[in-house]
Amino acid sequence: MFDVDVWQEIFSTIKKNKLRTFLTGFSVAWGIFMLMVLLGSGNGLQNGVKENFASNSINIMWLWTGDTSIPYQGMKEGRTIKFNNADYTFLKEKGENLEQVSSRYYLPGTIVYTYKNEYGSFETSSCHPALLEMEKVIIASGRFINDMDMNDSRKVIVIGENVRKALFKEEDPIGKYVKLNNVPFKVIGVTHDKARNDERTNYIPVTTAQRIFNGADRVHTFAITTKMVKTVEEADSITAKVRQGLAMRHKFDPNDKKAMGSFNMLTEYIRTMKIFQAIKIFVWIIGIGTLIAGIVGVSNIMLILVKERTREIGIRKALGASPASVIGLVLLESILITTVAGYLGLVVGVGIMEGINYALEQALASGAGDGIFFRNPTVDFTTAITSMVILVVSGALAGYLPARKAANVKPIEALRDEN
Amino acid sequence: MIQISNLHKSYVMGSNSLHVLKGLDLDIQEGEFVSIMGSSGSGKSTLLNILGILDDYDQGTYHLGGKLIQGLNETKAAMTRNEMIGFIFQSFNLISFKNAAENVALPLYYQKVSRKKRNLIALEYLDRLGLKEWAHHLPSELSGGQKQRVAIARALISQPQIILADEPTGALDSTTSFEVMDILKEINEQGKTVIIVTHEHDIAAMTKKIIRLKDGVIEEVIKNGDLQLFKDRVRTE
Ligand SMILES: Nc1ncnc2c1ncn2[C@@H]1O[C@H](COP(=O)(O)OP(=O)(O)OP(=O)(O)O)[C@@H](O)[C@H]1O
Ligand SMILES: [Mg+2]
C-alpha cells in the first residue's frame, strides 16, 4: 500500500484539483495554527504568572503578629501578640509539614550605613541562613549568612547592589567593614538585586540583630516553607495547623487574623494554576472545534471527489482493483492532505510563537520588557506531537466515509454508457 | 472455456423486477471468436457483464476455465478479472488524466508489477498496435480509433485468455471499425477467446460464430460454415 505507485496515483489526482485541495488543506492548517497560537499564548501567560511566583519558593508562608481582635479564654481583645525565639524552635521542631523556617527581627528606627566618607540609610533584613533558598536570594559575589555566623552572632552583612553602588562605588566590598549606626559589620556577600525591592537586599543574622539592636529574644515575622502539596485544601490545612500551634502558645483564637496574620503562597499558586488549567482545556476545545470543521471540509471534498471519480473507480475495478486498494487510494489521499496541511499549520503556528518568544527575550535582556506579563509563549514538543497524531487520525476519519463509498462503487453502474 | 447453463438474471428496481436472462445455455470453447447480437434491451450487455464477473446472476451455473463462478467476493472477483479477462468498451473508458502508456500499464499495477517493468511492457504493446509515438499523450489528444487501440493494448497486457468487448466499434466510423476488427481477429488467431457484442451485421460477420439473443434466451447460433448464408440473409433483410 505504501509504494511509490500509490503516491503517484494520489499526486496525479491532487494535481488535477489544486485549488480545491488547497482550500481544504487551508482549513485544516488554520485549525492547527489557531490551536498552536492559542496554546502558546496560554502557556505564555501561565509562564509569566509562574515567573512572578518564582521570586520566592512557591511553598513559602509568612507569619506576622498584631493585637487580638477576639476575646479568648476570659482575656479581652486588644492584647498584643509577640513572637520570640522559642516560637522558632517550636516551628522548627514541632511544625508538621514544615520544611524550613527563618525568623526576622525588625531593626528599630532608621539604620545609617557608613563606609569611609559615604553614608546613607537602607532597609535591613535579619534572617536565618535558610532564607537564601526560601526567598531565592541571588548572590552576585561572596556568600550568604551561614550557621556559624548565626551561632556566634557574628557582625556580618550581605549587602545589596544599591548599597554597593552608593557606598563602595568601584571598590570590591567583600571583606570590608560597613558601619550600621556606628557598629562595624564585615561584608561577606553582595546580592544581585534585579527586579527586587530594596528592602530585601541587605541581610544580617537574626541573632546578631537581636544582640546589637536590643532585641533580646523578640521576633517580628516568620518565613516558612511548607511541604509541597497539590490541592488548596491541603495547603489550607497546613496553614490552619500552624495557626493552631502558635495560637495555643500565645493564647489567642486561631481564627483571629488580627492577632496573627498569615499568608500561604502555595494556596494562591495552586488556585492560579487551576485557572490556567481551565484556560488550557478551553483552548483545546476551541482548537479541536476548529480542527473538526477542517476535517468535515476534507471529508466533503473527498466525497465530491469520489463521486466525480466514480467512472474512473469503476474502470480500475474492472481492470482488477480490489476494494482494499480503492479504499487505500482515497484514505491515503485524505490523510496526505490533512497531514501535510496540518503540519504546515503546526510549523507556522509554532514558528510564530517561537518568534514572539525570541523578541520577548531580546526585550527582557535589554531591560525593555520589564512590564510584560508574558513568558516563553511556546508549545512543548509533546503537545506538537499529540496534535500531529490527532491530525493523522482525523485525516483517516475524514477519508473513511468517502473511501467506503468508493469501495462500494459497482463497475457495471460506473461504466454504463450514458449516451 | 465458458459453460453456462440455465442462467437467469433479473434487475430489481423497488417493487418492479425485470427478468432479462431467462434460462440461457451457452458453451464457448477456447480460441473461439464469437459475436453476440440481438435487439436493444435483449440482454447482451447483461450477459457480457456476467461473463466478465462484473455482475452476478440469480440462477444457473457459470464455469469459467473449469471453475465455477458464483458468489465470489469483490476481491476475488477483481483478481479473477485481472488474470483471466481483458475488457474493451464502446466508450473506451480510458482514465483521462493518465497518458496512453499509463493507461495500458494499469492492469499490471494491480498485479504488483514494478513501475519500470510494466511501463516497458506497455510500450511494447502500444508498439504492436502502432501507437508507440502516442505513448505519452493523454486520451484527449487521441482519435477514437487510437483510443480504442490503446484500450485493446490495455486489455491484452495482462495476457488474459478471454477478451470481452461490448460494442467495441460502436463509437467508430466504418474504416476504423474494420481496423479494430482486424486487430481483434489477429488476437483471436494468436489463440485468445474473443467475445464481442455488436449491432452491426458486417462486424458480426467478421467473427466465427454469431449468437442471437431474443427474449432472454438464445434464439439462434450461426456457426462458421453458415456465415455465408447469414451474410446473404443480411443482404436481403
Ligand atoms: N442495472 C440495471 N438496472 C435495471 N435495469 C437494467 C440494468 N441494466 C440493464 N437493465 C435493463 O435490462 C435490459 C437489458 O439491458 P442490456 O443492457 O443487457 O441490453 P442490451 O442488449 O445491451 O441493449 P443495447 O443494445 O441497447 O445495449 C434493458 O431493458 C435494461 O433497461
Ligand atoms: Mg448494451
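Below, read A as the first sequence line, B as the second, and so on, with proteins coming before strands; counting in each chain starts at 1.
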In Å and rounded to the nearest 0.5 Å, what is the [atom1] to [atom2] distance from [X] to [Y]?
{"X": "I412(A)", "Y": "D56(B)", "atom1": "CD1", "atom2": "CG", "value": "8.0 Å"}
{"X": "L54(B)", "Y": "L415(A)", "atom1": "CG", "atom2": "CG", "value": "7.0 Å"}
{"X": "K98(B)", "Y": "I315(A)", "atom1": "NZ", "atom2": "CD1", "value": "11.0 Å"}
{"X": "I157(B)", "Y": "L319(A)", "atom1": "CD1", "atom2": "CG", "value": "10.5 Å"}

From R309(A), E312(A), R311(A), residue fulfilling side chain to side chain contact (heavy atoms under 4.5 Å, CB included) relative to I95(B):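 Single pass found, and it is E312(A).
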For a quick test of reading the model, state the closest non-hydrogen atom pair linking [X] to [Y] and the distance between them.
{"X": "P323(A)", "Y": "T75(B)", "result": "CD-OG1, 3.6 Å"}
{"X": "A321(A)", "Y": "A78(B)", "result": "O-CB, 3.5 Å"}
{"X": "F87(B)", "Y": "A318(A)", "result": "CE1-O, 3.5 Å"}

Check: K317(A) main-chain N/O paired with R81(B) side-chain donor or acceptor under 3.5 Å: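 Yes, because the side chain of R81(B) sits within donor-acceptor range (under 3.5 Å) of the backbone of K317(A).
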Option that, when pairs with chain A are counted at under 4.5 Å, heavy atom only, ranks first among R154(B), Q111(B), M79(B):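 Top option by heavy-atom pairs under 4.5 Å: R154(B).
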Within a 6.0 Å radius of atom [atom1] on [X], are there more than 12 heavy atoms belonging to other residues, nucleotides or ligands?
{"X": "F26(A)", "atom1": "CZ", "answer": "no"}
{"X": "F178(B)", "atom1": "CZ", "answer": "yes"}
{"X": "R404(A)", "atom1": "CZ", "answer": "no"}
{"X": "F282(A)", "atom1": "CZ", "answer": "no"}
{"X": "F276(A)", "atom1": "CZ", "answer": "yes"}

Under 4.5 Å from any heavy atom of chain A - which part of I85(B):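 Contact with chain A is absent: no heavy atom of I85(B) under 4.5 Å.
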Side chain / backbone / both / neither for S96(B) at chain A, heavy atoms under 4.5 Å: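 Just its side chain gets close to chain A.
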Under 4.5 Å from any heavy atom of chain B - which part of K410(A):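 For K410(A), side-chain heavy atoms alone lie under 4.5 Å from chain B.
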